[in-house]
Amino acid sequence: MKIQTRLQLAELLAVACLAASFCGCSTNVEQRAEAKVQAPPGGVLLRGAGATFPSLLYKKWFAQYGAAHPDVAITYDAVGSGEGVRRFIGAAVQDSERVDFGASDAAMTDEQMAQVSKGVLLVPATAGSVVLAYNLPNFQGELKLSREAYTGIFLGRIKTWDDDAIAAANPGISLPKLSIVTVTRQDASGTTFAFTKHLDAISPEWSSRYGAATLVDWPGNSMRARGNENVAGRIQHSEGSIGYVGYEFANRLGLKMAVLQNKAGAYVSPSEEAGMAALSGAELPENLRLFFADPPGRDAYPIVTLSWILVYKNYDDPRKAKALRDLLHWCLTDGQKAAADLGYVPLSANVNTKAVAAVRTLAPGD
């Protein structure tokens, strides 16, 4: 089969799974599709699972790479960061859930990493913005939300759209007297972690009550959904709603996104440039785990996160070690070109250089 044909089929499958996920049936469709994937004759099958936040990019990457490397087949199950970490740790998982790599927007804690006897390497693969998408019928203009306003909304204190805290940042704009319904994640989520990490940094009240977490018992009037795609879909169909979701998912559905006040006091719309401004000057520590809870800079979008691919330092099968090393190197080099097209933030040079160096430490085996 020609490479172009393989690529077209792989991308069609990825799109079909994604389309199904927007109607709330992603897990079953993806599991049925992936159940048919086998290692190519004489080749390697790499199985991954985890974060939904980068899943649009990962599916495109893996389809492209697999088409150009017919000896490597790659599957990715977008089940959320928490579930991805659980499967990667591998304790008490079913054979059908075992993975060769995981993915998480919350990285892994030291305690989680200590449970992995093979060792863990956290590889920052991409970055993205967490946006506050909303559904206000007949609302015209640009909705600005101050830090006081959006923390108050998700703390359940601000209950209607015409609240003074919202109106203050939007003078001359008519806001509806409509109840606010937040749309939040019901599964352990790296997107939730990135958002609550930010709230933890800017709100003493949030910090004392909830802190940064992958799973939160949300206060107030809240609807819950699994995965970024289902949060975006719920917002699209729920008047008066607002929810946190990856920019790329909100953008694909044409959702309106709030302009948020950043640390410098400026109101910034989510964009590639604003995301890059938040990442600029970042210095990764040795473990490659770095969070941007409240980035400085007048041009910086305030809620930006890295997203990590989780790999073992040691693999029983040297072919898998080599295949993963080659795949990750491609994702961090040629693959970065696809990030902006899908709404992600390409890694800044200082982050990318350290990530590439870390990938080189994966021994290919004999």
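Values reported hereafter were calculated over all heavy atoms of this structure, with side chains retained and with hydrogens, waters and symmetry mates removed.
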Output, in order, the C-alpha distance, side-chain angles, deciding distance and verdict of side chain to side chain contact (heavy atoms under 4.5 Å, CB included) for Glu273 and Tyr301. CA-CA 9 Å; Glu273 294 75 20; Tyr301 185 73; over 6 Å; no
### Query
Is it the case that one hydrophobic cluster holds both Ile202 and Val131, taking links as side-chain heavy atoms less than 4.5 Å apart, direct or via other members?
yes
| query | Asp71 versus Val44: any side-chain heavy-atom pair under 4.5 Å? | reply | no
Mind running side chain to side chain contact (heavy atoms under 4.5 Å, CB included) on Val304 and Ser129 for me, showing each step along the way?
CA-CA 4 Å; Val304 173; Ser129 301; 3.9 Å; yes
Quiz item: Hey, does Asp316 have a side-chain heavy atom less than 4.5 Å from the side chain of Lys118?
Solution: yes
Applied to residues 109-150, the ring-ring contact (aromatic ring centres under 6.0 Å, His included) test, sequence neighbours excluded, yields Tyr150-His198
Open item on the list: Contact between Arg98 and Asp95 at the side-chain level, heavy atoms closer than 4.5 Å - yes or no?
Closed with: yes
- Message: Quick check against the 3.5 Å criterion: does Thr361 have a side-chain atom that pairs as donor or acceptor with the backbone of Ala358?
- Response: yes
Between the CZ atom in Arg319 and the CG atom in Leu45, the distance rounded to the nearest 0.5 Å is 10.5 Å
**Item:** Salt bridge present between Asp200 and Lys197 (N-O < 4.0 angstrom)
**Value:** no
Set out, in order, the CA-CA distance, both residues' side-chain angles and the distance that settles side chain to side chain contact (heavy atoms under 4.5 Å, CB included) for Phe101 and Ile74, then state yes or no. CA-CA 10 Å; Phe101 66 94; Ile74 311 162; 4.2 Å; yes
Residue pairs meeting ring-ring contact (aromatic ring centres under 6.0 Å, His included), one or both in residues 335-358, sequence neighbours left out, come to none
Do Ile180 and Ile166 have side chains that approach each other closer than 4.5 Å (heavy atoms only, starting at C-beta)? yes
**Asked** Backbone N or O of Gly343 within a donor-acceptor pair of the Glu272 side chain at under 3.5 Å?
**Response** no
- Item | Pair Thr191-Asn228, side-chain donor/acceptor within less than 3.5 Å | yes
OG (Ser307) and CG (Leu57) are apart, to the nearest 0.5 Å, by 9.0 Å
In short, salt bridge (Lys or Arg N to Asp or Glu O under 4.0 Å) pairs touching residues 255-268 with sequence neighbours left out are none
The reported gap from CG in Leu175 to CG in Leu136 (rounded to nearest 0.5 angstrom) is 7.5 Å
Sorted by chain and residue number, the ring-ring contact (aromatic ring centres under 6.0 Å, His included) partners of Tyr315 (sequence neighbours excluded) come out as Tyr312
The single option from Asp326, Val311, Asn314 that satisfies side chain to side chain contact (heavy atoms under 4.5 Å, CB included) with Leu362 is Val311
**Prompt:** Would a distance-only check, ignoring hydrogens and angles, find a side-chain to backbone donor-acceptor pair under 3.5 Å from Trp308 to Ala125?
**Reply:** no
For Tyr267, the hydrophobic cluster (side chain heavy atoms closer than 4.5 Å, chained through members) also holds Val259
Contacts of Trp161 meeting ring-ring contact (aromatic ring centres under 6.0 Å, His included) (sequence neighbours excluded), chain-then-number -> none
Interatomic distance, OH@Tyr247 vs CE@Met257, rounded to 0.5 Å, equals 5.0 Å
Given the options Val231, Leu56, Ile235, Leu255, Phe249 meets side chain to side chain contact (heavy atoms under 4.5 Å, CB included) only with Leu56
Side-chain polar contacts of residues 153-160 - donor-acceptor pairs under 3.5 angstrom, sequence neighbours left out - could you list them?
| unit_1 | atom_1 | unit_2 | atom_2 | d |
| --- | --- | --- | --- | --- |
| Arg157 | NE | Glu205 | OE1 | 3.1 |
| Lys159 | NZ | Gly156 | O | 2.9 |
| Thr160 | OG1 | Asp162 | OD1 | 2.8 |

Margin query: Taking NZ in Lys354 as the centre, count heavy atoms belonging to other residues, nucleotides or ligands within less than 6.0 Å. Is the count above 12?
Written below: yes
Sub-4.5 Å side-chain heavy-atom contact between Thr196 and Val216
yes
Taking atom types as modelled and ignoring hydrogens, do the side chains of Tyr244 and Thr192 form a donor-acceptor contact shorter than 3.5 angstrom?
yes
Is Val93 reachable from Val116 through a run of hydrophobic residues whose side-chain heavy atoms are each under 4.5 Å from the next?
-> no
The reported gap from CE in Met113 to CZ in Phe88 (rounded to nearest 0.5 angstrom) is 8.5 Å
| said: Quick check: do Leu122 and Val120 have side-chain heavy atoms less than 4.5 Å from each other? | reply: yes
task: Check whether any side-chain heavy atom of Pro54 lies under 4.5 Å from a side-chain heavy atom of Asp105, and answer yes or no.
output: yes
**Study point:** Exam field: side chain Asn230 to backbone Arg226, donor-acceptor pair closer than 3.5 Å
**Key:** yes
Worksheet item: Is the shortest distance from a Lys or Arg side-chain nitrogen in Arg209 or Asp217 to a carboxylate oxygen in the other one below 4.0 Å?
Response: no
Can you list, pair by pair, the side-chain donor-acceptor contacts under 3.5 Å of residues 278-291, counting residues two or more places apart and other chains?
| unit_1 | atom_1 | unit_2 | atom_2 | d |
| --- | --- | --- | --- | --- |
| Ser280 | OG | Ala277 | O | 2.8 |
| Asn287 | OD1 | Arg289 | N | 3.0 |
| Arg289 | NH1 | Met108 | O | 2.5 |
| Arg289 | NH1 | Asp110 | OD1 | 3.3 |
| Arg289 | NH2 | Asp110 | OD1 | 2.9 |

inquiry  = More than 12 heavy atoms of other residues, nucleotides or ligands under 6.0 Å from CD of Glu148: yes or no?
reply    = no
- Message: Please check: side-chain N/O of Trp61 versus main-chain N/O of Gly335, any donor-acceptor pairing under 3.5 Å?
- Response: yes
- Task: Would you mind checking if Lys60 and Asp341 are paired as a salt bridge, meaning a charged N to carboxylate O distance below 4.0 Å?
- Result: no
*In sequence, state the C-alpha distance, the side-chain angles, and the governing distance for Gln112 and Leu310, and then conclude on side chain to side chain contact (heavy atoms under 4.5 Å, CB included).*
CA-CA 12 Å; Gln112 289 170 332; Leu310 321 173; over 6 Å; no
- Query: Should Asn170 and Leu143 count as side-chain neighbours, where that means a heavy-atom distance under 4.5 Å?
  - Reply: yes
By side-chain hydrogen bond (donor to acceptor under 3.5 Å, both in side chains), Thr151 pairs with (sequence neighbours left out) none
When every non-hydrogen atom of Ala355 is compared with those of Pro124, the smallest separation belongs to CB-O, 3.7 Å
Sequence neighbours excluded, the answer for side-chain hydrogen bond (donor to acceptor under 3.5 Å, both in side chains) partners of Asn135 is none
Same hydrophobic cluster for Leu215 and Phe53, using side-chain heavy-atom links shorter than 4.5 Å among ILVMFWY? no
- Flag the pair Arg252 and Glu229 as a salt bridge only when some basic side-chain nitrogen lies within less than 4.0 angstrom of an acidic carboxylate oxygen. no
Sequence neighbours excluded, the answer for side-chain hydrogen bond (donor to acceptor under 3.5 Å, both in side chains) partners of Asp187 is Arg185
Contacts of Lys320 meeting side-chain hydrogen bond (donor to acceptor under 3.5 Å, both in side chains) (sequence neighbours excluded), chain-then-number -> Asp100
Output for pair (Tyr210 OH, Ser203 OG), nearest 0.5 Å, gives 10.5 Å
I'd like to know if the side chain of Gln261 reaches the main chain of Val268, judged simply by a donor and an acceptor atom lying under 3.5 Å from each other, with no hydrogens or angles considered. no
